[in-house]
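Counting starts at 1 for both ligands and their atoms, following the listed order. What you are looking at is a predicted structure, and each value in this text was computed from that prediction instead of being measured.
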Amino acid sequence: MNDVKVAVLGSEGVGKSALIVRFLTRRFIGEYASTSECIYRKRLSLDGRQLSVELHDPCSQPCEGKSTLNEQIHWADGFVVVYDISDRSSFLEAKAVVHLIRELHAGGSKSVTSRPDPEAALFLVGNKQDLCHMREVSREEGQHLAAEGRGHFYELSAAEHYQEVALMFSKMLHSTSLVGKGKERRRRPSGSKSVAKLINNVFGKRRKSV
Ligand SMILES: Nc1nc2c(ncn2[C@@H]2O[C@H](COP(=O)(O)OP(=O)(O)OP(=O)(O)O)[C@@H](O)[C@H]2O)c(=O)[nH]1
């Protein structure tokens, strides 16, 4: 069985948990707890191959044992970098993350816990497309950044587009399972959660409404 490790990165409130929950449960639930970082594990069959998938959902709030962005990047085989199309600052943060991923995987990494992978799969996602009346980041800017980071680009809405979210994750897992083959085991950034426990995170915390 192929192990696939994907880190879902991006600034606070861009919809990282919403995208993961949507993919794993098909549901969009308005509010998610974000007081702990976790890894969701799932076994999937993709193109006839069995994959053991780990999706890392980092915690934006200060929390115990919180991993650094560098650790998250070293741990993962593939990356989904998310920004909110209605929030320019989240795009600027996504840009910095894309550049850091390519820098750390360019071969100059000092880490002993991972092998650099210049072709690590990178998917840039402009989320909250349903808020396009409040758009602050154009589709072209997203496409340009994805090209700059040698990644794929998606603009979608975790709230409204299950099919697109599922397609994006499937393509990401497909790419990652190809390039991530043979990597040695790395330390998990933090605790893991089964999909069954995912629902416990829901309604954990009230946050900004959209
Ligand atoms: N309108 C709209 N709201 C969304 C969408 N995706 C997520 N949200 C909302 O955005 C807010 C933040 O979503 P989360 O999934 O918690 O974002 P996050 O990136 O995991 O946030 P942190 O855990 O704090 O880093 C919640 O109120 C969600 O309901 C979307 O596609 N459209």
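Ligand 1 is approached by Gly13 to a heavy-atom distance shorter than 4.0 Å.
An N or O contact shorter than 3.5 Å is missing between Leu131 and ligand 1 by distance. In terms of polar-atom proximity, Ala158 is counted as a contact of ligand 1, with an N or O under 3.5 Å from an N or O of the ligand.
The proximity of Asn127 to ligand 1, defined as any non-hydrogen pair under 4.0 Å, is limited to the side chain. With a 4.0 Å heavy-atom cut-off, ligand 1 is reached by the side chain of Asp130 but not by its N, CA, C or O.
Put simply, the side chain of Asp47 never gets that close to the backbone of Arg49: no donor and acceptor are under 3.5 Å apart.
Proximity to Ser157 (heavy-atom distance under 4.0 Å) selects the following atoms of ligand 1: 31 (O). Close contacts between ligand 1 and Glu12 involve ligand atoms 24 (O), 25 (O) [criterion: under 4.0 Å to a heavy atom].
Two residues are said to be in side-chain contact when any heavy atoms from C-beta on lie closer than 4.5 Å; Lys171 and His152 fail this criterion.
In this structure, His99 places its NE2 atom where more than 12 heavy-atom neighbours from other residues, nucleotides or ligands lie under 6.0 Å away.
The closest non-hydrogen atom to atom 7 (C) of ligand 1, taken over Ala159, Ala18, Ser90, comes from Ala18.
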* side-chain contact (heavy atoms from CB on, under 4.5 Å) between Gln72 and His56, worked out -> CA-CA 8 Å; Gln72 291 158 19; His56 181 226; 3.4 Å; yes
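Residue Tyr83 is tested with Leu124, Leu145, Val125 for a side chain to side chain contact (heavy atoms under 4.5 Å, CB included); the sole match is Leu124.
Once rounded to the nearest 0.5 Å, the distance linking CZ of Phe153 with CD of Glu141 reads 9.5 Å.
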